[in-house]
Amino acid sequence: MKQKKAKTSSEREQRFLTLEEARELEKLHLFPLFLKSRFPFVAVRGEGCYLWDAEGRRYLDFTSGGRAAAILGHCPSAVAEAVANQARTLLHVTGDFYAAPQLMLAKQLTEISGFDRAFICNSGTEANEAAIKLARKYAKSISAAKTEIITFEGSFHGRTYGALSATGQRNYQKGFEPLVPGFTHIPFNDEAALQRAASDSTCAVMLEPVLGESGVFPASEGFIRTTREVCDRRGALLIFDEVQTGLGRTGRLFAFEHFGVKPDVLTLAKGLGTGFPVAAMLARGRAAEAFAPGDHGTTFGGGPLACAAALACVQEIEKRELVDRARSLGELMMSRLRSIAAQVPAISQVRGLGLMVGVDTDGPRAAELRRACLERGLLIAGSTERTVRLLPPLVISEQDLERGLEAFRLAAEEI
Ligand SMILES: *Cc1c(COP(=O)(O)O)cnc(C)c1O
């Protein structure tokens, strides 16, 4: 019998999966959690705003890697090099060691945000967990009964128990009860409801300045001002979940800058490492003094590799003036989409801020629209049954943006 020669690892790396093989492996070995949302191709390579599949087909990525994280596009060389160099020098130590990347990142983030202290972790969910724990700890020093956290209907804060309990969407919570007690969900952008819900037991108000997952709904200025007033009056912390809006996505470095209001606690994740898992919880003033040694922690969070990626990413955002770019390209995108909405019956509404845009179809046709875009080589993100999201990388060229929007127009006309 002939013996099959074992494949070398580089040969194995070269072997691309077909879509059928990928689906079979998923079926056999993975929880079916992404079964409904996966794009029907095997991603093998990314560069800038483009992804390539195993057959060499190219896709224009208006999802920034699926969920808005890759704000510098795919494989930006500055970040790839920083990660590679750091991996060869010092890949891992915990916070039990001093290491420059974590300290430099904390310095960088507090300087650019005007916050006082940072906790570096691995995901948006974790940053929000840290914010929730910080708020409860802070409020305990005022009164043991000060534990209630107000969040908003349609919000998304993550999938672990604290963050899931904060999330204002029943569909994410169903089946996982009992949730963490002490969360009240009230309608977004409703100042009167907030005034009614707040009391001296309120420990924090937590919100996304632009509701992301649920369809891109920007907060109104009056509402945000009211959240600040209510928190000041009740001695509660104002927490902004800028996991999706932070780092330039909305045309400001942080979305809070649009509103002339500063939260006490800020969480960042998606764009921070342009896809590398890294996140931060920032606090200022008295909130920044609430954690004592040992109150919170993490093994991987703030590791040298992740912090090197985030440092390189933040430097690129500044060097390439991507915040201004997101603002001007966002205006261009919005004006094109408004004219599409006026001309194409399938598109009923457009909303957004910077390069974060939600588009409503005239019925439950989001999946159909995403399919039609895919057929034209354009990837757009999902949201609800009737809403899609356009979240291109901040580095996108005007030409690629126009190309994508033209494909979007044709797809919308076709459905
Ligand atoms: C994606 C997201 C999260 C969760 O972040 P993960 O990194 O997936 O844990 C939390 N809040 C908002 C606003 C998000 O968009």
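Every value quoted in this text rests on a predicted model; they were computed, and no experiment measured them. We count ligands from 1, going down the list as the structure has it; atoms in each ligand are counted the same way.
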Going by atom types only, do [X] and [Y] share a side-chain donor-acceptor pair under 3.5 Å?
X	Y	result
Arg233	Gln195	yes
Asp53	Tyr59	yes
Ser348	Asp362	no

- Taking the six-membered ring for Trp, are Phe291 and His296 parallel (under 30°), tilted (30 to 60°) or perpendicular (over 60°)?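 Rings of Phe291 and His296: parallel, as their planes differ by under 30°.
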- Query: Can a cation-pi geometry be assigned to Arg57 and Phe41, taking NZ or CZ under 6.0 Å from the six-membered ring centre and within 45° of the ring axis?
  - Reply: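 Here Arg57 fails the 6.0 Å and 45° test against Phe41.
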Mind listing the N or O contacts between ligand 1 and protein, cut-off under 3.5 Å?
| unit_1 | atom_1 | unit_2 | atom_2 | d |
| --- | --- | --- | --- | --- |
| ligand 1 | 7 (O) | Gly124 | N | 2.8 |
| ligand 1 | 9 (O) | Gly124 | N | 3.4 |
| ligand 1 | 9 (O) | Thr125 | N | 2.8 |
| ligand 1 | 9 (O) | Thr125 | OG1 | 2.5 |
| ligand 1 | 11 (N) | Phe156 | O | 3.1 |
| ligand 1 | 11 (N) | Asp241 | OD1 | 3.4 |
| ligand 1 | 11 (N) | Asp241 | OD2 | 2.7 |
| ligand 1 | 15 (O) | Gln244 | NE2 | 2.9 |
| ligand 1 | 15 (O) | Lys270 | NZ | 2.5 |

- Task: For a side chain to side chain donor-acceptor pair (under 3.5 Å) with His157, tell me which candidate from Asp241, Thr167, Thr151 qualifies.
- Result: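 Single side chain to side chain donor-acceptor pair (under 3.5 Å) partner of His157 among Asp241, Thr167, Thr151: Asp241.
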